[in-house]
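Just below is one structure, and these are the notes that go with it.
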Amino acid sequence: MDRSAVPVDTLRARIGAAVVVQGWLQNKRASKDLYFLEVRDGSGLVQCVVSRHEVDDASWSAAVRITQESALTVRGTVVANARQIGGVEIQVSSAEIFSLADEYPISPKAHGVEFLMDRRHLWLRSRRPWATLRVRNRVIMSIHEFYQERGFVQMDAPILTSSAVEGTSTLFGIDYFSTPAYLTQSGQLHGEAMAMAFGKIYTFGPTFRAEKSKTRRHLTEFWMMEPEMAFYDLDMNMDLAEDFIVRLVSDVLRDCQEELKVLGRDTAPLSRVQKPFPRLTYEEAVDLLKSDATRDLLHQRAKGLREKLTALSNERMQIRQQYGQAKQWKRRRMDARRIEINRQQSAAEEELRNIPGWERSAREFEWGSDFGGSDETLLTWHFDRPIIIHRYPAPVKAFYMKRDPEDDRLALGMDVLAPEGYGEIIGGGERATDLAFLQRQVDDHNLPREAFEWYFDLRRYGSVPHAGFGLGLERTVAWICCLEHIREAAPFPRTLGRLSP
RNA sequence: UCCUCGGUAGCUCAAUGGUAGAGCAUGCGGCUGUUAACCGCAGGGUUGUAGGUUCGAGUCCUACCCGGGGAGCCA
């Protein structure tokens, strides 16, 4: 241990200074009298240059012997070098191995998702997880700052619950001292109780869904942030959600430039996340979905995909022709490109296969159903920022939603859909205040009245208009980072068929 | 549960029904500024499992197992 060790992300401010850095070896490159050690300490990455004639024998031999992911201490001088990550490197005066690592399974090359997920505990050390999970951290901090600044109080809803909010089919059941219990799927109802006590509250914790969904948008365990506000109506709720999303994105844009760069995230779409978000009633959304404009967008998309496939197959042929006489390093690049071509080709083919189904689903959409995944994606294609859809048919929303006073068929629910195909990141609405209505709703949904007596009390004693929503943390992070799969947005994701590591 | 794509070296992927290959990783050698460094040499395989068709199966057929993506459901 060396108490004078400094974090790598502070080196830029220490040019010319002698420093100590402790970390792990991410990768190394060598020539006869020179070793380049890429050292990672969690805060960042720095190249350390070991020159044979400028270090003692012990340090030189450490540089020669050290393996990927060994822990080490490096002493040296910080030198400006514009070509390096962070703009600096360390000219090493001495290096010492803390512990020599066995052969590391994750080589600095391409790997498949299953291989990496089986080694998630090690994969966390790589660049992409580093960037993604630091964005996640920024989002979490922004969530707290945003609500605390507005006078919200953080409260925690219970994780173990006695009853289902909307049926038990999607809940994980457990044995609670011989009584059946469930892992929470939402802090919603308890949030309402806390809002009646504290005015404006938010909960932030793990949530569990036993849905057998195998898609890039689903986890069985995820973190949900749920604000709940007394004396709030649907419009105020939508305003809050809008301010909230704008704040999250702008904080990440301001503080996570390096992370977004590592992820290769195009920041232009994020910069467009400004107020106001387009707001559509369910009715308007249905009309848009069934419109010629939607059909044209789909046809345009299909045309673009077909052109892309042609271009990819041309490139593949070109590579095949050149491969025979190519130099080895060029072949390697071609191999990498060929893999990327295959990946893009199967993605494009899959989407092309799906498009007729998407078109049918959109055209034949019937008033009263809920939007499917493809419908949501199509709706967002019409806009350049998140959109809010509100006033859904009551049957597709939860029993506790308030009815629209203007039209009793509708519930005052609202969803925020992220652009670029990431779907619903927020779902919420104004809650029903009338006791008799809620009791009828519980009966109509075949839910046990006894389980909701405490909830009914909130309407017996000082019932007020109130509203709230839930934000899925991982979906939000996946969208902001432009991840291919939501599982990358959690350190140890839990999905259908994955409970380890 | 259904639809769809896949399973070949430690990893990522090639291979008209006809002798299973490449790159990376590993080991050895070379190189004074590398950026997934590069160059040379070497070791490394029961092609997911079980059947079937065939003179001959990684390739075709059947069943099963495992994984990816999607539908339903949802944040």
Result block: side-chain N/O donor-acceptor pairs under 3.5 angstrom for residues 202-209 of chain A, not counting sequence neighbours:
| from | atom 1 | to | atom 2 | distance (Å) |
| --- | --- | --- | --- | --- |
| A:Y202 | OH | A:H144 | ND1 | 2.7 |
| A:Y202 | OH | A:Q148 | NE2 | 2.9 |
| A:R209 | NE | A:Q185 | O | 3.2 |
| A:R209 | NH2 | A:Q185 | O | 2.6 |

Assign [X] to base, sugar-phosphate, or nothing according to its heavy-atom contacts below 4.0 angstrom with the strands shown.
X	value
A:D415	nothing
A:H53	base
A:I425	sugar-phosphate
A:Q91	base
A:R127	nothing
A:R216	sugar-phosphate
A:N81	base
A:L471	nothing
A:E89	base
A:E38	nothing

If you take all heavy atoms of [X] and [Y], which pair is closest and at what distance?
X	Y	result
A:L45	A:V8	N-CG1, 3.6 Å
A:Y104	A:L122	OH-O, 3.1 Å
A:V50	A:A63	CG1-CB, 4.0 Å

Whole angstrom is fine here: how far is it from [atom1] in [X] over to [atom2] in [N]?
X	N	atom1	atom2	value
A:K212	B:G69	NZ	P	18 Å
A:N354	B:C2	CG	P	19 Å
A:I90	B:G33	CD1	C1'	17 Å
A:R498	B:G69	CZ	P	11 Å
A:L417	B:C74	CG	P	14 Å
A:Y392	B:A75	OH	C1'	13 Å
A:L183	B:A75	CG	P	17 Å
A:E359	B:A71	CD	P	17 Å

Expressed as a whole number of Å, how far does the [atom1] atom of [N] sit from that of [M]?
N	M	atom1	result
B:C73	B:G45	C1'	44 Å
B:U53	B:G70	C1'	34 Å
B:G58	B:A15	P	15 Å
B:U12	B:C65	C1'	23 Å
B:U54	B:U62	C1'	16 Å
B:C28	B:U47	P	31 Å
B:G44	B:G6	C1'	25 Å
B:A14	B:A20	C1'	10 Å

inquiry  = If you assign each of A:E376 and A:T495 to its closest nucleotide in RNA chain B, which residue comes earlier from the 5' end?
reply    = A:T495
Which residue lies more 5' along RNA chain B, comparing A:H485 with A:S361 via nearest heavy atoms =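 Residue closer to the 5' terminus by nearest nucleotide: A:H485.
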Measuring from the side chain of [X] (C-beta onward, heavy atoms only), which nucleotide among [options] has the closest atom?
X	options	result
A:R475	B:A75, B:U32, B:C11	B:A75
A:R217	B:A36, B:A71, B:U34	B:A71
A:L34	B:G72, B:U34, B:U32	B:U32
A:R487	B:C11, B:A71, B:G69	B:G69
A:R209	B:A71, B:U34, B:A75	B:A75
A:D370	B:A36, B:G33, B:C74	B:C74

key: Donor-acceptor pair between A:E430 and A:H466 side chains, under 3.5 angstrom   = no
A:Q26 and A:R125 side chains, donor-acceptor separation under 3.5 Å = no
query = Between A:F36 and B:G33, do the rings stack, that is, sit under 5.5 Å apart with planes less than 30° off each other?
reply =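 No, the aromatic ring of A:F36 does not stack with the base.
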request  = Let me know which of A:R279, A:R247, A:R385 forms a salt bridge (Lys or Arg N to Asp or Glu O under 4.0 Å) with A:E242.
outcome  =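 Option passing the salt bridge (Lys or Arg N to Asp or Glu O under 4.0 Å) with A:E242: A:R279.
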With no angle test and no hydrogens, is the base of [N] tied to the side chain of [X] by a donor-acceptor pair under 3.5 Å?
X	N	answer
A:S213	B:G72	yes
A:E351	B:G70	no
A:R119	B:C11	no

For residues 85-95 of chain A, which side-chain N or O atoms pair as donor and acceptor with protein atoms under 3.5 Å away, sequence neighbours left out?
| from | atom 1 | to | atom 2 | distance (Å) |
| --- | --- | --- | --- | --- |
| A:E89 | OE1 | A:Q47 | NE2 | 3.2 |
| A:E89 | OE1 | A:N81 | ND2 | 3.4 |
| A:S93 | OG | A:R75 | O | 3.2 |

ask   = With pairs taken as Watson-Crick or G-U wobble and both distances under 3.5 angstrom, which stems of at least three consecutive pairs involve RNA chain B?
value = B:1-7 with B:65-71, B:10-13 with B:21-24, B:26-30 with B:38-42, B:48-52 with B:60-64
message = Can you see whether A:Y392 has A:K397 sitting over its ring - NZ or CZ less than 6.0 Å from the centre and within 45° of the normal?
response =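 Yes, A:K397 lies over the aromatic ring of A:Y392.
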key: Ring-face cation of A:R119 near A:W123 (centre distance under 6.0 Å, axis angle within 45°)   = no
request  = Name all residues meeting the salt bridge (charged side-chain N to carboxylate O under 4.0 Å, His left out) criterion together with A:E54; count only those two or more places apart in sequence or in a different chain, and write none if there are none.
outcome  = none
remark   = residues 355-371 of chain A vs salt bridge (Lys or Arg N to Asp or Glu O under 4.0 Å), sequence neighbours excluded, gives A:E359-A:R363
Can you check nucleotides 25-30 of chain B for protein contacts, nitrogen or oxygen pairs under 3.5 Å, and list what you find?
| from | atom 1 | to | atom 2 | distance (Å) |
| --- | --- | --- | --- | --- |
| B:A25 | O2' | A:E103 | OE2 | 3.3 |

task = Verify the ring-centre separation between A:F365 and A:F371: is it less than 6.0 angstrom?
result = yes
